[in-house]
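In this text, all values refer to a predicted model and were calculated from it rather than measured experimentally. Letters A, B, ... mirror the listed sequences (proteins, then strands); counts begin at 1.
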2 protein chains.
Amino acid sequence: MAATQSTTRQPLDKQRILEAAVAFADEHGVEALTMRKIAEKLGCGVMSLYNHVVNKDEMLVGMVDIVVGETEPPAIGGDWKAAMRASAAIAHAVLLRHPWVPAEWSRRMPGPKRMRYMDSILQVLTEAELGPEIVYSGYHAVTMHIVGFTLQEIAYKQVLDTDLEQLASQFLADLGDDYPHMADHVRAHLDDDGNSDEFGFVLDLILDGLERAGPKR
Amino acid sequence: MAATQSTTRQPLDKQRILEAAVAFADEHGVEALTMRKIAEKLGCGVMSLYNHVVNKDEMLVGMVDIVVGETEPPAIGGDWKAAMRASAAIAHAVLLRHPWVPAEWSRRMPGPKRMRYMDSILQVLTEAELGPEIVYSGYHAVTMHIVGFTLQEIAYKQVLDTDLEQLASQFLADLGDDYPHMADHVRAHLDDDGNSDEFGFVLDLILDGLERAGPKR
DNA sequence: ACCTGAACACCGTTCAAGT
DNA sequence: ACCTGAACACCGTTCAAGT
């Protein structure tokens, strides 16, 4: 009855709780996440968690911030578009590894790491000298793209995985009767080999648009 | 004990339940939405709802679809960019009236009205003859913009309303110590008179980018 | 066919008691 | 200072009984 659970007997702390919660959400989805389940996973009583975390909401803020810690803010000082692209690509990959995060992102207050991340994006845009209005709009456009686009991508993937598996062609035929363009689009998704980098394409649309709209030409 | 509750004694049906639920979510937020609360509002037992709605998840799908019914799909056949802009502006206004919808949008399967809406967007892009890759990416870019941008806008509004009200300048000063660009950005939000149409600005960035990327030049 | 109260299996969190 | 079981006030939904 000793070494079956590896991390059970370390003392509890906030970091360990958040990491367990992130792992659980990655595996089972955030809707299955329960204080009782995390406690079970950590081998402690439910209420022990509350010695390190004020409540479930605050815990989710911390969980998102842990995931943000896996991203890389854009580099300051070089080519601002290249820095944005590189940072966005990393964030995109991180969010795909933690598919519950995009939906929580806007629902919760930002934690410190997310603040830092956002501040860096604003700094890069500011130093690109595009003018204050472009910085203001561009910031929203870029962050929205990173989170919103990935959110949509994940939603598509999940619907296609669960709904299409068994029905496949029959489902598509029914869909096509009423929604022909939608059926074509779903077919395009199915044919997509995953190498098309649609995410980067739309990001470039936005970045190029910002540059063109900016005063430096 | 007669006429105090207006709609109490009509027979229950799915439409009436969904409308009551939408009104409740508009007023109290979707996280406060409860089967028991809707039943109370309709003056019936909780379980009566289940004669018309299979469960809470399916009810939320129907609620989102009711809100989609307030939007206007883009017009087919004319100037595709103008049609997109007009339709997106309406959708933006509708989503601001029902601030819980953007967060639910990607979480749920689409209902029939949302299918129709999406199919129309795809049709307009298809008939603009931009090429299949642009249709594919453009569809995601546009829908993501409509929902994602508005979601972000709502989140900002709520954080600013609740968090800033009492603290205001002190909050901003603290924020500015660690996150100077973020503090500037929040100040820009506060100065924003609401007439700047940032939503339309970024949409144009995307639409113009799609046109430029398309083969018709 | 529609309605409904009681009951069940869960939640997050408070409280009081332990070390 | 940290831990914890019992209990509370909720959930969504099943079930069996009513009309």
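The side chain of Lys37(B) lies closest to dC11(D), out of dC3(C), dT13(C), dC11(D). Distances from the side chain of Met47(B) to the nucleotides dT13(C), dC3(D), dG5(C) place dG5(C) closest. Side-chain proximity of Cys44(A) to the nucleotides dT13(D), dT13(C), dT4(D) is greatest for dT4(D). Looking at the side chain of Thr34(B), the nearest of the listed nucleotides dC11(D), dC11(C), dT13(D) is dC11(D).
Straight-line distance from the CD1 atom of Ile17(B) to the C1' atom of dC3(C): 12 Å, rounded to whole Å. Following rounding to the nearest Å, Lys56(A) (NZ) and dC11(C) (C1') show an atom-to-atom distance of 8 Å. The distance between atom OH of Tyr50(A) and atom C1' of dA7(D), rounded to the nearest whole Å, is 14 Å. When the P atom of dT13(D) is taken as reference, atom CE of Met35(B) falls 6 Å away, rounded to whole Å. Rounded to a whole Å, the CG atom of Leu49(B) is 14 Å from the P atom of dC2(C). Atom CG of Asn51(A) is separated from atom P of dG5(D) by 13 Å (rounded to the nearest Å). Atom pair Met59(B):CE and dC11(D):P shows a separation of 13 Å (rounding to whole Å applied). For the pair Ile38(A) CD1 and dG12(C) C1', the interatomic distance rounds to 12 Å; values are reported in whole Å.
Contact annotation for Leu33(A): backbone-only contact, meaning every heavy-atom pair under 4.0 Å involves sugar-phosphate atoms and none involves a base.
Two rings, from His189(A) and His140(B), have their centers less than 6.0 Å apart. Ring centroids of Tyr156(B) and His185(B) are separated by less than 6.0 Å, placing the two rings close together. No close placement of the Tyr139(B) and His181(A) rings is indicated, their centers lying 6.0 Å or farther apart.
Applying the 4.0 Å criterion to OP1 and OP2 of dA1(C), one finds that His52(B) has every side-chain N and O outside that range.
Of all nucleotides present, none satisfies the Watson-Crick or G-U wobble test against dC3(D) with each distance under 3.5 Å. Across every strand in view, dA9(C) sits unpaired, with no contact that passes the Watson-Crick or G-U test at under 3.5 angstrom. The partner of dA17(D) is absent, by the rule that a Watson-Crick or G-U pair needs both atom distances under 3.5 Å.
Between Arg16(A) and Asp13(A) there is no salt bridge, since no side-chain nitrogen of the basic residue lies less than 4.0 Å from a carboxylate oxygen of the acidic one.
Side-chain contact between Ile38(A) and Met59(A) is present, with heavy atoms from C-beta onward closer than 4.5 Å.
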